[in-house]
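Remarks on the structure that follows.
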Amino acid sequence: FEPDRNLLALRTEFDGVSGNGTAEWDKDTLAAVIDPATKAELDAKREAVLKTNPAIRGIGWNEISALSKMPSAPKRLSDRAIAWGKRSKGDDGAPEALALAVKTTRYGCDWHGGHGVYSKAAQELLQKKFAGTTWAAQTPYWFDCMNQEWPEDPNAPSKIATCKPKTWPKQPLPR
């Protein structure tokens, strides 16, 4: 859960519906004609409405904050599967757990960066220790990042893609 991303989206949606602000596509051209005093007053009214909204009031912000500090599901599952796979003799579910851990790195959230380190470790352990299983046969690859960013300059000496974590502006809680 990303509190800043979700609060920003909530405020943006509210502003779009109420007319408080500009749409994403015209914010640069209309920013000069928006009166800052009026904008501040409308923002204060928006916050008052959000504070009284039962759905917003019912959110446990301390719990949300704690959850947002947890590692991603692909990382947590991969770390646990790797530890299990190292102890396993293969007669339990460890090969399947390793294969599923690699699968989560393919389809799981990569907003905080790539999964390459633990995806590769899980896939290599699966291929090395449990090579004869159907799970190893079904898992020939490991995965890093689906949202790669390439250099803007096509003639750059380094044409290596990067997996930059996404960030959002810090949002105050509606309290």
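In this text the structure is predicted, and so the values were computed from the model without any measurement.
- In the hydrophobic cluster analysis, where Ile, Leu, Val, Met, Phe, Trp and Tyr join through side-chain heavy atoms closer than 4.5 angstrom, Leu173 is grouped together with Leu50.
- Taking CG from Asn53 and CD1 from Ile59, the interatomic distance works out to 8.5 Å, rounded to the nearest 0.5 Å.
- Side chain of Asp4 to main chain of Gln171: a donor-acceptor pair is present (N/O by atom type, distance under 3.5 Å, no hydrogens or angles).
- Counting non-hydrogen atoms of other residues, nucleotides and ligands closer than 6.0 Å to NZ of Lys129 gives a total above 12.
- Note that the NZ atom of Lys120 and the CG atom of Leu125 stand 13.5 Å from one another [nearest 0.5 Å].
- A distance-only check finds no donor-acceptor pair linking the side chain of Lys45 to the backbone of Ala40 [under 3.5 Å].
- Closest approach of Ile82 and Ala121 over heavy atoms only: CD1-CB, 3.7 Å.
- Each of Leu67 and Leu7 belongs to its own hydrophobic cluster when Ile, Leu, Val, Met, Phe, Trp and Tyr are linked at side-chain heavy-atom distances under 4.5 angstrom.
- Inter-residue side-chain proximity for Glu124 and Lys128 is flagged as unmet; no heavy-atom pair is nearer than 4.5 Å.
- Side-chain contact between Ser88 and Phe130: present, with at least one pair of heavy atoms (C-beta onward) separated by less than 4.5 Å.
- Contact record, Gly85 with Ala94: CA-CB, 4.0 Å, taken as the closest heavy-atom pair.
- Salt bridge annotation for Arg11-Asp15: absent, with no cationic side-chain nitrogen under 4.0 angstrom from a carboxylate oxygen.
- Cluster annotation: Val102 and Tyr141 are assigned to the same hydrophobic cluster (Ile/Leu/Val/Met/Phe/Trp/Tyr, side-chain heavy-atom contacts under 4.5 Å, transitive).
- Shortest non-hydrogen contact noted between Cys109 and His115 is O-NE2, 2.8 Å.
- Between Ser119 and Asp144 there is no side-chain heavy-atom pair separated by less than 4.5 Å.
- With a 6.0 Å cutoff to the six-membered ring centre and a 45° limit on the axis angle, Arg46 does not count as a cation-pi contact of Phe14.
- Across Ala81 and Leu98, no two heavy atoms sit closer than the pair O-CD2, 3.5 Å.
- Separation of atoms NZ (Lys69) and CD1 (Ile64) is listed at 11.0 Å; rounding is to 0.5 Å.
- In this structure, the separation between CZ on Arg106 and CZ on Phe143 is 6.0 Å, given to the nearest 0.5 Å.
- Under the 4.5 Å side-chain contact rule for hydrophobic residues, Trp135 and Trp84 do not share a cluster.
- Between Ala99 and Thr139, the closest heavy-atom pair is CB-OG1, 3.3 Å.
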Criterion side chain to side chain contact (heavy atoms under 4.5 Å, CB included) on Ser78 and Thr105, from CA distance to verdict: CA-CA 8 Å; Ser78 297; Thr105 65; 3.8 Å; yes

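- Among residues two or more places apart in sequence or in another chain, the salt bridge (Lys or Arg N to Asp or Glu O under 4.0 Å) test is passed with Lys51 by none.
- Tyr118 places none of its side-chain heavy atoms less than 4.5 Å from the side chain of Pro71.
- Glu47 contributes no side-chain N or O that, together with a main-chain N or O of Pro174, makes up a donor-acceptor pair within less than 3.5 Å.
- Here Glu96 contributes atom CD and Thr134 contributes atom OG1; the two are 8.5 Å apart, rounded to the nearest 0.5 Å.
- Listed here is the closest heavy atom pair of Leu8 and Pro169: CD2-CD, 3.9 Å.
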